[in-house]
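Here is the structure we will look at.
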Amino acid sequence: SKNTQEFSRIMIGQDLIILIVQIIAALGVVVSVIYLGLQIKQQNVITKAQFGHSLTQRLYDRYFQTSTNREYAEFLAKDWDAEDLNPTEETRVQMAILTYLVDIFDVYDKVEAGLVDKSHLDTRINTLKLGVMKTKNAKVVWSYWKWNRTKEFVKWFEGEVFDQKVDKLSEEEIIKKSKELNTLR
């Protein structure tokens with residue numbers, strides 16, 4: 001009986017130790033999960049900042065090139081809708097427009113994924129609203145590249161840039177509106 005009581009005390013002591021170890025282990029898991037969550041949150045903030053910085057750097061590079069490269073500035077100052085553009089100039093204009101579109105595509109996708117602030121997109125779209133996308137060359141480039149994007153993006157982009165909801169216009173209205181699109185110098 002004494003042995004049984006001693007054995008019971010040992011078992012209860014071991015059970016208590018096991019229970020304490022399990023509680024400590026559970027607390028360790030909870031603390032680890034909280035720590036991991038904080039690390040992920042911090043990494044997301046860092047990633048967003050890096051994406052935002054790289055997008056801003058793209059614009060700074062364009063602005064700097066415009067202010068320091070005479071030939072580039074003259075190219076930008078050309079009337080991109082002029083009838084007398086030679087084939088080389090038309091190609092340069094189309095490649096510049098494609099560069100702007102690829103930039104918009106990238107920024108739009110990053111905004112949709114929550115990786116950058118919408119202000120990056122607004123800055124770019126407001127620049128395109130100034131007339132670049134209303135030139136013949138821009139319409140040619142857009143008509144080809146729009147098929148690489150979702151219907152939602154196309155609807156959003158055309159509504160923003162051309163100030164119209166293309167899918168709600170009749171064919172006659174689209175033709176009339178397209179004749180009105182022009183760059184003012």
Side-chain angles (χ1 to χ4, degrees), residues 46-185:
I46 292 168
T47 301
K48 280 184 174 185
Q50 288 172 333
F51 278 136
H53 175 74
S54 70
L55 294 176
T56 301
Q57 189 63 45
R58 281 188 210 168
L59 289 182
Y60 287 154
D61 290 345
R62 267 189 231 145
Y63 298 154
F64 184 75
Q65 186 170 355
T66 302
S67 67
T68 59
N69 183 329
R70 182 178 191 84
E71 182 186 1
Y72 185 69
E74 287 173 0
F75 166 69
L76 291 178
K78 272 189 170 299
D79 179 359
W80 287 10
D81 209 27
E83 294 294 326
D84 63 342
L85 291 177
N86 66 44
T88 302
E89 291 170 326
E90 281 191 7
T91 300
R92 287 183 72 193
V93 166
Q94 290 174 4
M95 290 300 108
I97 291 165
L98 179 56
T99 301
Y100 302 152
L101 288 176
V102 168
D103 186 48
I104 287 282
F105 297 163
D106 183 40
V107 175
Y108 179 90
D109 291 343
K110 282 181 173 58
V111 168
E112 289 295 303
L115 297 174
V116 293
D117 187 73
K118 189 174 179 298
S119 63
H120 291 282
L121 186 59
D122 293 341
T123 299
R124 286 158 171 82
I125 217 66
N126 288 335
T127 300
L128 292 184
K129 285 181 181 182
L130 296 175
V132 170
M133 290 306 298
K134 296 178 182 177
T135 64
K136 291 182 306 278
N137 281 306
K139 290 176 193 174
V140 167
V141 173
W142 174 244
S143 69
Y144 177 76
W145 282 92
K146 74 191 249 179
W147 303 110
N148 294 316
R149 301 301 300 180
T150 65
K151 288 179 183 179
E152 293 78 21
F153 176 86
V154 171
K155 185 176 180 179
W156 169 81
F157 183 83
E158 290 178 347
E160 287 288 323
V161 172
F162 301 122
D163 296 323
Q164 59 190 8
K165 302 296 182 205
V166 175
D167 61 336
K168 294 183 180 179
L169 298 175
S170 69
E171 188 172 335
E172 185 178 298
E173 289 172 316
I174 291 173
I175 291 169
K176 181 182 175 201
K177 287 281 188 192
S178 68
K179 289 178 182 175
E180 295 171 5
L181 301 177
N182 200 352
T183 304
L184 300 175
R185 294 248 174 228

ask   = Does a donor on one side chain sit under 3.5 Å from an acceptor on the other, for Q57 and D61?
value = yes

ask   = Say you draw a straight line from CG of L59 to OG1 of T123; how long is it, rounded to the nearest 0.5 Å?
value = 7.0 Å

query = Should the pair F75 and W80 be assigned to parallel (<30°), tilted (30 to 60°) or perpendicular (>60°) ring geometry?
reply = tilted

inquiry  = Would the distance check show the side chain of E89 and the main-chain N or O of N86 forming a donor-acceptor pair, the cut-off being under 3.5 Å?
reply    = yes

message = Set out, in order, the CA-CA distance, both residues' side-chain angles and the distance that settles side-chain contact (heavy atoms from CB on, under 4.5 Å) for D106 and V102, then state yes or no.
response = CA-CA 6 Å; D106 183 40; V102 168; 5.5 Å; no

Interatomic distance, W156 atom CH2 to T150 atom OG1 [nearest 0.5 angstrom] = 10.5 Å

key: Side chain proximity check, L98 to Q94, heavy atoms < 4.5 angstrom   = no

inquiry  = Walk me through whether K136 and L85 qualify under side-chain contact (heavy atoms from CB on, under 4.5 Å).
reply    = CA-CA 11 Å; K136 291 182 306 278; L85 291 177; over 6 Å; no

Value rounded to 0.5 Å, distance of CH2 in W147 from CH2 in W142 = 9.5 Å

inquiry  = Tell me whether E74 is salt-bridged to K78, with the criterion being a basic N under 4.0 Å from an acidic carboxylate O.
reply    = no

From R58 atom CZ to H120 atom NE2, the distance as rounded to the nearest 0.5 Å = 10.5 Å

query = Does N69 reach the main-chain N or O of Q65 with its side chain, forming a donor-acceptor pair under 3.5 Å?
reply = no

query = Judged by modelled atom types alone, do N137 and T135 share a side-chain donor-acceptor pair under 3.5 Å?
reply = no

query = Do you know the tightest heavy-atom contact between V132 and A138?
reply = O-CB, 3.2 Å

query = Which distance, rounded to the nearest 0.5 Å, do you find between the NZ of K118 and the CD of E112?
reply = 9.5 Å

ask   = Is the charged tip of R149 near the ring of F157: under 6.0 Å from the six-membered ring centre and within 45° of its axis?
value = no

Between CD on residue E160 and CG on residue L121, distance to nearest 0.5 Å = 8.0 Å

Nearest non-hydrogen partners of K146 and S143, listed with the distance = CG-O, 3.9 Å

key: OH (Y72) with more than 12 external heavy atoms under 6.0 Å   = yes

request  = Decide yes or no for Y100 and V141: does some side-chain heavy atom of the first lie under 4.5 Å from some side-chain heavy atom of the second?
outcome  = no

key: Any M133 side-chain heavy atom under 4.5 Å of E158 side chain   = no

